[in-house]
Structure formats: C-alpha cells, structure tokens
Amino acid sequence: MDTYNDFEPIGLSKAIGIRSTSYKKYVAGAIVESDARITDVIISPKENTNQLEVTITHTRKFIRIIERRTFVFDLCFTMNDRLLCVSVPKTSNKSSMIIEMAKQFFGYTCASKHYEDDEPISCSIFTENHNVVKVAFSYEDPEYMIEYENLQPLPMSLSQQKQENMDPVERLVKESVENLRKHNPNLDKKALEAEAIYLAAFIYLRGSDKIDFNVDYFSSGLLDKIDSGKYQIADKVFNYMIKFGSGIYTTNEANIGIEAYKMNIQLCPDYEVYIRNYFIRTHKIGAGAEYELFSSPRNCLWNEGKKCCDSPTQRDIYYKIKGDTFELMIPPFNPLITGRVVARSECRIQCQSNDNKRTFIFHYDGNISPSTLTLIYMFRNDKGDMISYHKK
C-alpha cells in the first residue's frame with residue numbers, strides 16, 4: 001500500500017472509475033456478509049466546488065442495474081495508508097470519531113447535514129503504486145463498514161457514460177437541493193415544497209421569453225439537456241425531490257406540488273417574476289432587485305369587521321418598499337401589484353395600489369424592519385372585504 005503524510009488536504013483533478021467483484025460487510029471487525037457482486041465506483045470532483053461526488057452502482061451480469069446511489073463529501077485528505085473523504089457539519093443527525101478528528105484539523109465544512117440511513121460517514125481510498133486497490137465506506141448508527149476489492153480500472157468513457165445516463169432532471173434536482181442546503185442549513189419540508197414547485201415551473205417556462213435570468217449553480221450544459229414547455233418533463237422534479245428530500249418530502253407533498261406549479265403557471269400572468277425572485281432570494285443567484293419575503297402560515301377573510309373564514313393555507317408574500325413606492329406579489333392569485341406609500345408611522349406603513357383596487361397596511365412589532373413585520377392587511381376595495389396575513 002502507498003503511504004501518505006497525515007492530514008494533508010488533497011484534490012482530485014479528474015474522475016476515478018473502478019469496478020469491484022468483491023463485496024464485504026464488517027460489523028465490529030468481523031465479516032458478516034461477503035459475495036462477488038459487481039460494483040462500479042466512480043469518484044469525481046464536483047464541478048465548481050471542492051467537493052467529491054461518489055457514485056456506487058451495483059449491477060447484475062454487467063448489464064442490469066439493481067441499485068445506484070450517489071453521495072457527496074466536502075473534504076478529502078491524506079491519512080497514513082489512505083485518502084479519506086468526509087464532510088464535517090456543525091450540526092448533524094449522526095456523530096462519528098472520524099468527523100470529530102477531521103474537525104480538529106480542518107474545522108467545519110458545512111453548517112448542517114442530514115445523513116440518510118444508508119449514507120456513509122466517510123470513504124477511504126487505498127492505493128498501490130498510485131492505483132486504487134480498495135475502497136471502503138464507514139457507516140454510523142448502526143456502525144458497520146463495507147469494502148470493495150478485486151478492483152479493475154473502469155474505462156473513463158464508461159464512467160462518463162454513467163454520468164450522462166443519469167436523467168438530467170434527476171441531476172438538476174440533486175444539484176439544486178445541495179445548493180439549497182448551503183444557504184438554508186435548517187432545511188425543512190416547506191423549503192423543499194417551495195423548491196420543487198419553483199424548480200418545476202422554471203423548467204417548464206425556461207424556453208419561453210419569460211425566463212430572462214440564469215441559474216449559475218447548475219453544472220455547465222445541464223439545462224440544455226432538459227426540454228422546456230413540457231409538463232411531463234417538469235413533473236419529474238417531484239419524484240426526484242422525494243429521493244433527495246432526506247425523508248421529509250413525501251409522495252403526499254409531491255402530489256400536491258404537481259398540481260400547484262401548474263396552477264401557478266396558468267393563473268398567474270407574472271409568475272416568472274416570482275420564480276426569478278425566488279432564486280435570487282433562496283439560491284443567491286446573480287444580481288437583481290431582491291424582494292423581501294413574508295411567510296404567512298394562515299390568513300383570515302374579514303367582511304364588515306367580522307371574521308368570515310380562517311384558513312391554514314400557507315401564503316408567501318413578496319414585497320419591496322422603496323421610498324414612496326412599493327411592489328407586492330402573493331402567488332398564485334395576486335400578480336405583481338405596484339403602487340405608492342400613502343402613510344407612515346413608527347410601526348405601520350400604508351400603501352395604495354396604482355389602480356386603487358388594493359390597500360395594504362404593514363404592521364411591525366417595534367421599529368420598521370423586515371424581521372419585525374408581524375401582520376399585513378390587504379383591503380380588497382373592489383370587493384369590499386379584507387384579508388389578514390399573519391406571521392404566526
């Protein structure tokens with residue numbers, strides 16, 4: 001085996017592809033399972049990042065794929081007899097001595113990470129004369145290790161073909177969720193629901209003249225492989241979101257999302273504005289006029305001062321108040337509304353739409369700031385009623 005200095009970061013300049021015909025599973029140092037299954041392991045640098053992407057594919061008779069999994073590690077470093085790949089999250093649902101050790105030398109590599117039940121904590125790569133001879137994956141809770149030996153180089157043309165054979169929509173969802181986790185460490189079901197809906201709408205509308213912005217965190221050329229303007233293509237986002245949604249995004253959310261994004265496209269004439277501002281706000285893409293977001297988990301309908309309906313429907317309100325003007329959107333039924341600020345106080349701003357059909361009153365708990373906004377009244381002057389949107 002080759003030997004290395006300890007704790008030196010290392011990067012891969014190109015992908016490594018190997019095929020194994022020896023599978024062993026260890027528990028407490030003893031082999032509990034062993035067979036000659038065929039496994040392809042591809043370790044490749046992730047484009048435009050320092051991360052490594054590891055894809056494990058089990059096949060039968062070199063033909064039928066029976067399982068394929070892809071994992072991402074933030075850091076690769078040398079350690080005596082191996083290269084060790086690991087992520088070092090500040091908060092996580094699993095702990096490991098390997099993670100603690102890496103933290104002492106390299107610090108945190110990400111704010112948060114949720115490990116799936118069968119996701120490895122680390123990947124060890126063993127070499128001899130700089131050729132990979134063994135790959136091992138360590139798991140926690142429960143603790144076990146899987147080794148792949150009897151390795152043969154996998155032709156890189158085949159490695160690249162496996163990447164190309166991955167459904168482009170699947171890869172798009174995977175990369176989008178990875179980017180989302182960078183900006184939102186406390187990823188929850190609502191965030192994944194919004195991500196799926198906006199991503200599907202983006203795919204559908206991308207080929208039209210309505211989408212005039214670029215999403216710069218996707219791999220180069222990936223979007224060009226996905227047809228736009230086809231619901232059956234955009235619908236794929238939701239099943240793949242189940243796969244990459246860490247168990248918190250389920251079939252129920254997917255079924256609702258498939259209907260929701262189509263309704264938004266059909267009913268909201270300015271929906272591309274929502275999409276653009278979602279990616280600016282959530283994924284920090286490019287430059288642009290960013291809107292503030294007020295998420296209301298419930299809204300109430302009022303008529304003549306009496307509450308008529310209390311709805312638990314989530315509504316995301318995008319707004320921008322600048323000087324004496326304002327803009328506001330509430331998808332899917334209220335497209336872009338523009339108007340003017342007509343009154344201000346220490347804890348309240350009143351706005352009037354240019355067509356006088358809507359009056360908005362923003363209520364703040366203390367000084368006026370997006371973080372202190374607690375309530376928005378929308379008076380529908382053309383209908384004679386009012387809707388209140390609440391922070392809680």
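Between the side chains of T250 and N252, no donor-acceptor pair is found at a separation under 3.5 Å. No side-chain donor-acceptor contact under 3.5 Å links Q266 and N264. Looking at S369 and S371, their side chains do bring a donor and an acceptor atom within 3.5 Å of each other. If you check the side chains of T359 and Q352, you find a donor sitting under 3.5 Å from an acceptor. Of the N and O atoms on the side chains of D74 and T109, at least one donor lies less than 3.5 Å from an acceptor on the other residue. No side-chain donor from either of N131 and E128 sits under 3.5 Å from a side-chain acceptor of the other. Between E175 and S219, the side chains place a donor N or O and an acceptor N or O closer than 3.5 Å (distance only, hydrogens not considered). The closest side-chain donor-acceptor pair between S176 and Y217 falls under 3.5 angstrom. A side-chain N or O of D316 and one of S295 form a donor-acceptor pair less than 3.5 Å apart.
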- Begin from the C-alpha positions of D310 and R298 and carry the test side-chain contact (heavy atoms from CB on, under 4.5 Å) through to its verdict. CA-CA 7 Å; D310 197 339; R298 66 184 181 94; 3.9 Å; yes
- Starting from the C-alpha separation in whole Å, work towards a yes-or-no answer on side-chain contact (heavy atoms from CB on, under 4.5 Å) for R82 and I125. CA-CA 5 Å; R82 70 192 69 183; I125 306 169; over 6 Å; no
- Task: Could you give me the CA-CA distance, side-chain angles and deciding distance for F73 and L75, then say whether side-chain contact (heavy atoms from CB on, under 4.5 Å) is met?
- Result: CA-CA 6 Å; F73 298 99; L75 173 70; over 6 Å; no
- Given salt bridge (Lys or Arg N to Asp or Glu O under 4.0 Å), test E53 with K174 step by step and report yes or no. CA-CA 12 Å; E53 188 172 75; K174 177 177 177 295; 2.5 Å; yes
- Item | side-chain contact (heavy atoms from CB on, under 4.5 Å) between T127 and V133, worked out | CA-CA 5 Å; T127 65; V133 295; 5.7 Å; no
- Task: Verify salt bridge (Lys or Arg N to Asp or Glu O under 4.0 Å) between E253 and K189, making sure each step is shown before the conclusion.
- Result: CA-CA 9 Å; E253 285 75 46; K189 182 167 64 176; 3.6 Å; yes
- Item | Working for salt bridge (Lys or Arg N to Asp or Glu O under 4.0 Å), residues E147 and K134 | CA-CA 7 Å; E147 284 187 352; K134 182 170 69 174; 3.5 Å; yes
- Message: Run the ring pair (Phe, Tyr, Trp, His ring centres under 6.0 Å) test on Y261 and F238 for me, step by step, so that the C-alpha distance in whole Å, both residues' side-chain angles and the decisive distance to 0.1 Å come before the verdict.
- Response: CA-CA 11 Å; Y261 93 94; F238 299 93; 5.5 Å; yes
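Counting non-hydrogen atoms of other residues, nucleotides and ligands closer than 6.0 Å to CG of D382 gives a total above 12. Under a cut-off of 6.0 angstrom, the local environment of CG in N80 is crowded, with over 12 non-hydrogen atoms contributed by other residues, nucleotides or ligands. Within 6.0 Å of CG in D35 there are more than 12 heavy atoms belonging to other residues, nucleotides or ligands.
A 4.5 Å side-chain heavy-atom check between K24 and S22 finds at least one atom pair inside the cut-off. The closest side-chain heavy-atom distance from Y274 to C268 is below 4.5 Å. Side-chain contact between L223 and F202 is present, with heavy atoms from C-beta onward closer than 4.5 Å. Put simply, the side chain of I349 reaches to within 4.5 Å of the side chain of I321, judged on heavy atoms. Taking the side chain as every heavy atom from C-beta outward, M386 and R380 never approach each other to under 4.5 Å. For the pair V41/T55, no side-chain contact is recorded, criterion being any heavy-atom separation below 4.5 Å from C-beta on. Side-chain atoms of L52 and F71, non-hydrogen and from C-beta on, never get closer than 4.5 Å to each other.
For T282 (side chain) and Y278 (main-chain N/O), a donor-acceptor pair under 3.5 Å exists by modelled atom type. Side-chain N or O atoms of S92 include one that pairs as donor or acceptor with a backbone N or O of K94 at under 3.5 Å. Judged by distance alone, the side chain of T78 and the main-chain N or O of E8 form a donor-acceptor pair under 3.5 Å. Formation of a donor-acceptor pair under 3.5 Å by the N381 side chain with backbone atoms of N356 is found in this model. Checking side-chain atoms of N184 against main-chain N and O of L180 turns up no donor-acceptor pair under 3.5 Å. Checked by atom type and distance alone, the side chain of S20 pairs as donor or acceptor with a backbone atom of E149 at under 3.5 Å. In this structure, the side chain of S296 engages the main chain of H390 through a donor-acceptor pair within 3.5 Å. Put simply, the side chain of Y139 never gets that close to the backbone of I146: no donor and acceptor are under 3.5 Å apart. A donor-acceptor contact shorter than 3.5 Å is absent between the side chain of R340 and the backbone of C351.
In this pair, Y231 and Y204 present their aromatic rings parallel. The plane angle is below 30°, not in the 30 to 60° band. Note: F362 and Y364 have parallel aromatic rings, judged against thresholds of 30 and 60 degrees for the angle between ring planes.
In this structure, K25 is positioned above the aromatic face of Y144, its NZ or CZ under 6.0 Å from the six-membered ring centre and within 45° of the axis. For the pair R37 and Y23, the distance from NZ or CZ to the six-membered ring centre is under 6.0 Å and the angle to the ring normal is within 45 degrees. Relative to the ring axis of Y115, K113 places its NZ or CZ within 45° and under 6.0 Å from the centre.
Residue F360 forms a ring-ring contact (aromatic ring centres under 6.0 Å, His included) with just one option from F326, Y389, F379, and that option is F326.
Residues M145 and L83 do not share a hydrophobic cluster, clusters being chains of Ile/Leu/Val/Met/Phe/Trp/Tyr side chains in contact below 4.5 Å. Note: the hydrophobic cluster containing M241 also contains I265 (ILVMFWY, side chain heavy atoms under 4.5 Å, direct or indirect links). Clustering ILVMFWY residues whenever any of their side-chain heavy atoms sit less than 4.5 angstrom apart, transitively, puts V215 in the very cluster that holds V177. Cluster annotation: V173 is connected to I211 through the hydrophobic network of ILVMFWY side chains, with a link wherever side-chain heavy atoms come within less than 4.5 Å. There is no path of hydrophobic side-chain contacts, each under 4.5 Å, that joins I361 to L301.
Contact record, Y249 with A196: OH-CB, 3.7 Å, taken as the closest heavy-atom pair. Minimum interatomic distance between I98 and V86 (heavy atoms only, all atoms of both residues): CG2-CG2, 4.1 Å. Of all heavy-atom pairs between S345 and I368, the closest is O-CD1, 3.4 Å. Among all heavy-atom pairs drawn from C76 and C85, the shortest one is SG-SG, 3.7 Å. Contact between I248 and L187 at its shortest, heavy atoms only, is CD1-O, 3.9 Å. The minimum heavy-atom distance linking L375 with S388 is given by the pair CD1-CB, 4.2 Å.
Salt-bridge annotation for E327 and K322: absent, with no side-chain N of the basic residue lying under 4.0 Å from a carboxylate O of the acidic one. Ion pairing between K262 and D235 holds under the 4.0 Å rule for side-chain N and carboxylate O.
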Name every donor-acceptor pair, under 3.5 Å, that has one atom in a side chain of residues 99-108 and the other anywhere in the protein, sequence neighbours excluded.
| from | atom 1 | to | atom 2 | distance (Å) |
| --- | --- | --- | --- | --- |
| E100 | OE1 | K103 | NZ | 3.1 |

